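All heavy atoms count here, side chains included; hydrogens, waters and symmetry mates do not. A, B, ... follow the sequence lines: proteins, then strands. Residue 1 opens every chain. Keep in mind that this is a model prediction, so the values were computed, not measured.
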2 protein chains.
Amino acid sequence: MGHGDEDTGCGGGWAPQPTLSQRLFAVAELARADFAVAVGRHGLTPVQARAVLMLDEAVPMSSVASHLACDASNVTGLADRLEALGVAERVPSSDRRVKLLRLTDRGSALRGELGRELAQGSAVTDRLTADERTQLAALLDKMLATPDA
Amino acid sequence: MGHGDEDTGCGGGWAPQPTLSQRLFAVAELARADFAVAVGRHGLTPVQARAVLMLDEAVPMSSVASHLACDASNVTGLADRLEALGVAERVPSSDRRVKLLRLTDRGSALRGELGRELAQGSAVTDRLTADERTQLAALLDKMLATPDA
DNA sequence: TATTGTTATACTCTATAACTATA
DNA sequence: TATAGTTATAGAGTATAACAATA
């Protein structure tokens, strides 16, 4: 290997001082795992849960795709699974090309539960004090500020 | 429990003030996407990249599995793909049940490139000042502090 | 012609269970 | 008996391309 890793500071591993990005990614993994476990308790996968959480009202399947940042073709199977679970259903639209996805009563109840649980904070953020959480929120908001748009 | 922002309060959407967890998750998604794009430029999937980055030296396949927090059976296919890409190879061990996974020369070079790129910081963290990055690092470290162990 | 959703196909990640070869 | 890796199988998320119905 011609040379290697010196700019990362460590002589071959990530050991001593992880970079900010590495730590951010590690926290992201924890948050993801937390989310997966939380929604898994309700029988949903993370993607299914994200769909349920966005379904405030009946929404075109194409909107679901763009919200999930995935190709529209995926939403067909996703909708199939949500229908099989009894939490959502397809309903026709005025534009007859469009199908709307809407939560069933059971889906709405589930969405409420999920919302309450997730709002309570994860095991990750629980390790911070109230002040620190405020600080963190400000930093996250800055990172989330849309650079374009 | 209970320090939740406001049990979602909103009559049906996430609109007004996302909770801390929601913002953390959003940043996590950005970081994940950044990582996927960065490693994708080198022809790797995120999981493949994580494997390459951990392969400081020859390591038992079982160790790869535990590092990736996945079942050992998955590492077979992962190793196959890394071998097909020419970045890693299986080598025998003294315990003849064990196979070690080791980077090829090409894999080591790739690992070096990845390490340098990732150390440079992501588009997400670039939106913060140096002071803010220090602050964020401290908060992240606190969240990462192992509660058990 | 352009758009929406579907289907067909394919790849990766993930898990469980059964199997092998070692120990 | 127990462990490491493989194989078989399955389901979910992702993508592209071709297609039908509708606009």
Which nucleotide in C/dC13, D/dA4, D/dT6 has an atom nearest any side-chain atom of B/Val98 = D/dA4
Starting at atom CD of B/Glu89, determine the distance to atom P of D/dG5, rounded to an integer number of angstrom.
-> 16 Å
Let me know the distance between CG of A/Leu78 and P of C/dT7, rounded to the nearest Å.
-> 15 Å
Identify each donor-acceptor pair in which a side-chain atom of residues 23-40 of chain A lies under 3.5 Å from a protein atom, sequence neighbours left out, and give them as a table.
residue : atom : partner  : partner atom : Å
A/Arg23 : NE   : A/Pro18  : O            : 3.3
A/Arg23 : NH1  : B/Asp141 : OD1          : 3.4
A/Arg23 : NH1  : B/Asp141 : OD2          : 2.8
A/Arg23 : NH2  : A/Pro18  : O            : 3.1
A/Asp34 : OD2  : A/Ala123 : N            : 3.3

Find the distance between OG (B/Ser62) and NZ (B/Lys99) and round it off to the nearest 0.5 Å.
-> 12.5 Å
Take the protein atom CG of B/Asp80 and the nucleotide atom P of C/dC13, then report the distance between them rounded to whole Å.
-> 11 Å
Is the number of heavy atoms from other residues, nucleotides or ligands under 6.0 Å of A/His42 NE2 greater than 12?
-> yes
Under 4.0 Å between a side-chain N or O of A/Lys99 and OP1 or OP2 of C/dT6?
-> yes
d(B/Arg116 CZ, B/Arg111 CZ) to nearest 0.5 Å is 10.5 Å
Given atom CZ of B/Arg81 and atom P of D/dT6, what is their separation to the nearest angstrom?
-> 12 Å
What does nucleotides 15-23 of chain D look like as a protein-contact string, B for base, S for sugar-phosphate only, - for none, at under 4.0 angstrom between heavy atoms?
-> BBB----BS
Straight-line distance of B/Leu20 CG to A/Glu132 CD, nearest 0.5 Å = 11.5 Å
Between CG of A/Leu68 and C1' of D/dT14 the distance, given in whole Å, is 12 Å
Here the distance between atom C1' of C/dA21 and atom CE of B/Met61, to the nearest Å, is 15 Å
Distance test, side-chain N/O of B/Ser62 to OP1/OP2 of D/dG5, below 4.0 Å = yes
Would you mind classifying the nucleic acid contact of A/Thr45 as base, sugar-phosphate or nothing, using non-hydrogen atoms under 4.0 angstrom?
-> sugar-phosphate
Once you round it to whole Å, what is the distance between P of D/dT14 and NE2 of A/His67?
-> 13 Å
Side-chain donor-acceptor pairs of residues 70-80 of chain A under 3.5 Å, sequence neighbours excluded:
residue : atom : partner : partner atom : Å
A/Asp71 : OD2  : A/Ser73 : N            : 2.9
A/Asp71 : OD2  : A/Ser73 : OG           : 2.8
A/Asn74 : ND2  : A/Asp71 : O            : 3.2
A/Asp80 : OD1  : A/Arg90 : NH1          : 3.0
A/Asp80 : OD1  : A/Arg90 : NH2          : 3.0

Rounded to the nearest 0.5 Å, the CZ atom of A/Arg102 sits from the CG atom of A/Leu100 at a distance of 8.5 Å
Using whole Å, report how far CD of A/Glu29 lies from C1' of C/dT14.
-> 14 Å
Looking at every strand, decide which applies to B/Arg50 at a 4.0 Å heavy-atom threshold: base, sugar-phosphate, or nothing.
-> nothing
